[in-house]
Participant: 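Structure in C-alpha cells, see below.
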Amino acid sequence: MESVELQLTNNLAELDRLNALVAGFGERVHFTATEEYSIYLIIEEIFTNIVNHAWSEPGEHSIFFRLSASNETAKMEFHDDGQPFDPTEAPTPDIHASVEDRPIGGLGLHLVREVASEMFYQRLEEQNQLIVVMNRGQQELRS
Amino acid sequence: MEITTESLENGIRCVRLDGRLDLKGTQEIEKEFSAEVAEKKETVLVDMAQVEFIASIGIRMFLSNVKALKSIGQKMILFGLQPLVEEVFKLSGLHAIIPIKANQDEAEKEAQG
C-alpha cells in the first residue's frame, strides 16, 4: 500500500495542489484513465463541499488529505474540524425530475456515492473523518 | 478552458468547449457560455469532443442554461462526448433532459427535426 498526503487550507485554489498530487501519484501506482477520473471527481466534490459548508464563519482552517492505493483499491481520506457533517447520510437529489423541477445543487455528493465502492464517516476528536474507497480495474466510473 | 462559437445555417449556434469542466475551468467560461446560450434566441449545439473532464459544477452549468433556454422555447443539443464525460451526464440524470448525439451531423439533424 503506497500513499501520499497533504495538509491543505480551506481555500478552493488548493484543488490545484490536490490535482498535481494525484497526477504524480497516479504515475507511480499506474492509475488507469478511468481510475484517475474517479479520483479527481471524488476529491473535487468532497473538498469543495468541505470548503463551502464546513465552517459558517470566515477564517483559515486546515484540511488533511491522504490518498493511498493497493492493486485492488484506492482510498481517499479527508479530515476537517468543521461542523459535524456525515456525507454518507446526506439526502440524495431526485435525478429523474423534469427540467423545471431539477434542483441546481446536490449533485456532487450523489456523484461521489455513485463512483465510490464504500464510504466511512466518523466524528472523532471534534473532527469529521471521511474515507472514500474506490475499487480499481473498472471500465466505468460507476462502482 | 476555452470557448469558441460559430453560427451555422438555419438559426443554429455552435459552441465549442475545450479543456476541463472542473471548478476552475467552469468558472473560467460559465459567464461567456451563459451569454452565448441564453441571450441568443437560437438553438444551441455544444461540441464536447475536447472536454476531457466534467464534475458537478460543469453539470450544473448545463442544467441552469437548459432551464433558461427551455423557458424561451429553445433547445440545447450536445455532441461528441468522451465516454467518461458522457457517463457523468448519465449518472447525473442529464441525458434524460439534454439530447446527446454522437457527432455534429446527428446534432444538426436533431436540431432541425
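Proteins get letters first, then strands, A, B, ... in listed order; numbering begins at 1 in each.
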Participant: What do you reckon, is CD of Glu6(B) surrounded by more than 12 foreign heavy atoms closer than 6.0 Å?
Facilitator: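 Enclosed: over 12 neighbouring heavy atoms sit under 6.0 Å from CD of Glu6(B).
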Participant: Please flag which part of Glu140(A) lies under 4.5 Å from any non-hydrogen atom of chain B: side chain, backbone, both or neither.
Facilitator: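 Glu140(A) touches chain B through backbone and side-chain heavy atoms alike.
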Participant: Between Arg136(A) and Glu72(A), is there a side-chain N and carboxylate O pair less than 4.0 Å apart?
Facilitator: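 Answer for the salt bridge query: no.
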Participant: Under 4.5 Å heavy-atom distance to chain B, tell me which part of Leu141(A) shows up: side chain, backbone, both or neither.
Facilitator: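 Both backbone and side chain.
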Participant: Between Arg20(B) and Asp22(B) (salt bridge meaning N to carboxylate O under 4.0 Å), is one present in this structure?
Facilitator: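 Salt bridge: yes.
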Participant: Would you call Arg66(A) and Glu77(A) a salt bridge, using N to O less than 4.0 angstrom?
Facilitator: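 Between Glu77(A) and Arg66(A) there is a salt bridge, with a charged N closer than 4.0 Å to a carboxylate O.
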Participant: So for Ala55(B), is it side chain, backbone, both, or neither that comes closer than 4.5 Å to the heavy atoms of chain A?
Facilitator: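 When you check distances to chain A, atoms from both the backbone and side chain of Ala55(B) fall under 4.5 Å.
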Participant: Give a yes-or-no answer on whether the side chains of Thr9(A) and Glu60(A) include a donor-acceptor pair shorter than 3.5 Å.
Facilitator: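 No, because no side-chain N or O of Thr9(A) sits under 3.5 Å from a partner of the opposite role on Glu60(A).
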Participant: Sort Ile54(B) into side chain, backbone, both or neither according to what part of it lies under 4.5 angstrom from a heavy atom of chain A.
Facilitator: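 Both parts, backbone and side chain.
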Participant: Which atoms of Leu111(A) come close to chain B, meaning under 4.5 Å heavy atom to heavy atom: side chain ones, backbone ones, both, or neither?
Facilitator: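 The side chain, not the backbone.
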